[in-house]
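Lettering of chains follows the sequences in order, A, B, ..., and the numbering in each one begins at 1.
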Protein chains: 2
Amino acid sequence: MVTLAEVAQHAGVSASTVSYVLSGKRSISSTTRQRVEQSIRELGYHPNAGARALAGKRSNIIALMIPLRTDMYVPVMMEIAIAVATTARTHGYDVLLLTGEEGPDAVRRVTGSGLADAMILMDVELQDERLPLLRESGQPSVLIGLPADTADLTCVDLDWSATGALCVTHLAGLGHRDIAVIGEAPAVYERHTGFAERTLDGLRSRARETGVRVLHRPCEGGYDAMALTLARIFDERPATTGFVVQNESAVEPLLALLRQQGRAVPEDVSVVAICPDQVAVQASVRLTSVAVPAQEMGRRAVEHLVAKLDGPGGDEVVLLAPELTPRASSGPAPAAP
Amino acid sequence: MVTLAEVAQHAGVSASTVSYVLSGKRSISSTTRQRVEQSIRELGYHPNAGARALAGKRSNIIALMIPLRTDMYVPVMMEIAIAVATTARTHGYDVLLLTGEEGPDAVRRVTGSGLADAMILMDVELQDERLPLLRESGQPSVLIGLPADTADLTCVDLDWSATGALCVTHLAGLGHRDIAVIGEAPAVYERHTGFAERTLDGLRSRARETGVRVLHRPCEGGYDAMALTLARIFDERPATTGFVVQNESAVEPLLALLRQQGRAVPEDVSVVAICPDQVAVQASVRLTSVAVPAQEMGRRAVEHLVAKLDGPGGDEVVLLAPELTPRASSGPAPAAP
DNA sequence: AAAACACGTCGAAGCGCTTCGACACCTCTG
DNA sequence: CAGAGGTGTCGAAGCGCTTCGACGTGTTTT
């Protein structure tokens with residue numbers, strides 16, 4: 001393994017000079033710089049990460065805590081993770097993957113060991129156990145998601161409340177008066193995941209404003225669960241003509257069931273999905289949807305973190321504005337019979 | 001930040017003693033051990049990762065290289081990644097997430113910098129550019145997937161060839177004589193991804209043995225692409241009664257299209273999917289499927305790696321035997337008209 | 001009773017890097 | 001032309017940990 005010292009010797013300079021060439025923290029004449037760079041290339045030198053972390057007091061690693069559960073939005077998680085990793089690399093950071101399994105202890109471990117310089121937390125609950133630890137540790141961090149109390153915290157998230165409102169506005173504008181919301185699995189609501197509850201708030205308050213009735217039903221994914229849920233919805237609100245779906249694995253079953261029941265989309269019922277664009281365009285009906293900007297969330301999270309790491313900026317809550325793309329699944333409400 | 005030295009002082013022993021308590025590499029009287037452990041707890045000590053890596057010449061980090069592209073099997077990737085991360089933790093390792101983006105350079109960087117002790121590579125192509133580097137670096141590694149040449153390499157994978165064969169056996173056993181294979185997107189075949197080609201080999205050779213005709217068509221996911229592909233298949237082989245699908249995002253579209261064309265599943269046509277069980281049971285028809293054992297692959301990969309890291313075992317190719325679960329999507333071939 | 005061996009502990013060296021202060025040397029100023 | 005101020009380079013001191021050899025003590029062996 002090639003060391004700094006060997007590079008220095010090969011280039012005929014001192015070790016510190018090589019270090020300064022690498023870091024650019026002191027000016028170096030261009031002749032020496034070139035000589036050193038040449039040696040680095042010839043010897044195939046890579047600085048040792050451990051030594052660097054020890055001496056420099058920063059590891060150039062960002063920890064990313066992803067949820068262990070896979071009961072929702074797996075592709076979104078994956079997309080965020082990939083965006084985080086690639087964005088981090090462009091800023092010279094690597095990404096350490098932590099699963100929720102360890103729980104709050106992971107925060108302690110990473111903070112205490114200097115393994116990572118900063119953390120990104122996903123799947124944030126409204127009252128998240130990890131937050132007290134994060135605050136007290138003073139470790140730079142960004143949440144992807146929004147807890148109940150955002151004091152001292154930087155958060156990046158889609159504006160879910162606006163997302164919910166946007167869906168209602170769209171359907172209300174088309175004349176729909178009875179809207180059903182197919183939500184995530186009950187477990188997601190039970191653990192008070194921020195995005196689910198906020199979406200609901202947005203839906204409901206806009207519904208109140210526009211005089212639309214909203215019926216919300218959580219739903220496990222899959223065909224059978226969806227069949228049951230749908231039956232109950234039409235049972236309770238036979239006049240339902242609009243659907244908002246916030247559950248990837250319920251989308252296709254819903255469409256299949258509606259078709260099967262002879263309800264045409266969008267002539268008889270309209271469907272608005274909250275999902276990645278890819279899902280929306282691949283469905284059996286091209287879905288009017290509000291996209292979940294997964295890539296952007298990951299990218300923004302890293303950028304905020306990096307900004308904090310060099311020159312501590314303040315805390316901030318960044319809510320991305322939702323955008324609704326009308327496609328083939330929504331249209332004017334049918335005339336009342 | 002609490003250091004070893006502070007713990008030592010607090011416990012009234014030398015630093016080396018604390019270190020030996022931590023590592024267990026020398027015997028320590030139980031009195032001192034307890035005293036030290038007590039101090040560690042009271043001070044909330046966590047060993048510094050960088051210092052440890054530097055002095056101990058191992059970082060206790062495993063690098064996981066996941067593909068950047070998301071043109072296939074995202075949930076499977078995610079599941080593997082999570083399994084890798086959790087299994088690694090149980091062995092005292094953390095996981096560094098690398099995306100394919102950097103390409104072969106990532107191998108060089110990780111190897112050279114001592115950032116990670118070992119690597120796991122996913123999305124291995126038959127002639128993978130990263131392999132020469134891996135071999136020459138001598139870094140412990142495990143591939144999830146199977147390249148063309150496995151010399152000096154440890155690989156873990158589903159036995160895709162057997163998987164393909166199993167699907168044909170199942171359908172042939174039910175009397176189907178014309179089978180269509182809906183494959184991954186063309187790009188996946190173009191870059192010679194091992195699993196796709198091997199599955200095809202297995203399908204074809206078993207088809208030859210059982211006297212079944214096989215028509216293979218790659219397919220981008222989604223409804224429209226599937227519609228086109230399906231039309232072509234029935235055009236070319238109107239007698240097709242069996243389908244093998246190896247493309248998650250084609251499964252639901254296929255079912256919808258068959259339904260729409262009035263072909264009943266499984267009375268008129270049978271469908272066998274190669275996908276995670278969750279997808280199979282959530283589809284609009286409960287699918288006969290061969291599961292992709294994502295968790296097990298991740299777990300096994302880590303375990304092999306850990307075994308290599310302490311006491312270098314030999315290289316090995318581990319092929320997991322596929323299992324087919326019959327569900328509601330396959331049945332006897334209809335009597336010839 | 002002396003020699004041999006464990007056992008438990010300690011001090012010191014060193015892992016490869018960053019960074020601080022020092023020191024040449026050179027170019028401006030007044 | 002002396003002093004001030006820059007510039008480019010170097011040596012040395014750590015960063016917090018692991019590990020090796022050494023050194024008491026207490027126990028066993030001959």
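Considering only side-chain atoms of A:Thr32, the nucleotide from D:dT9, D:dT19, C:dT9 that sits closest is D:dT9. When distances run from any side-chain atom of B:Ser19 to the nucleotides D:dT19, C:dC17, C:dT9, the shortest one goes to D:dT19. Comparing D:dG16, D:dC10, C:dC17 against the side chain of B:Ala55 picks out D:dG16 as the nearest. The side chain of A:Leu54 has C:dG16 as its nearest neighbour among C:dG16, D:dT18, D:dC10. Here D:dC10 is the nucleotide among D:dC17, C:dC17, D:dC10 with the atom lying nearest to any side-chain atom of A:Thr17. For B:Ser27, the listed nucleotide lying nearest its side chain is C:dC7; candidates were D:dC17, C:dC7, C:dG11.
Contact annotation: A:Ser16 does not reach the phosphate of D:dA12 (side-chain N/O to OP1 or OP2, under 4.0 Å). OP1 or OP2 of C:dT19 sits under 4.0 Å from a side-chain N or O of A:Lys25.
Rounded to whole Å, the distance from CG on A:Leu115 to P on D:dC15 is 20 Å.
The 5' end of DNA chain C is approached more closely, in terms of each residue's nearest nucleotide, by B:Ile28 than by the other of B:Ala51 and B:Ile28.
The rotation axes computed at either terminus of the helix from C:dA1-D:dT30 to C:dG30-D:dC1 lie 40° apart, taking five pairs at each end and rounding to 10 degrees.
Judged by atom type and distance alone, B:Tyr20 reaches the base of D:dC20 through a side-chain donor-acceptor pair under 3.5 Å.
Here A:Thr3 lies in heavy-atom contact (under 4.0 Å) with sugar-phosphate atoms only.
A:Gln139 is listed as a side-chain neighbour of A:Met119, based on a closest heavy-atom distance under 4.5 Å.
Side-chain contact check for B:Arg41 and B:Gln38: at least one donor-acceptor pair (N or O, by modelled atom type) lies under 3.5 Å.
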Under 3.5 Å between N/O atoms: give me all the protein pairs with nucleotides 22-24 of chain C, atom names plus distance.
none

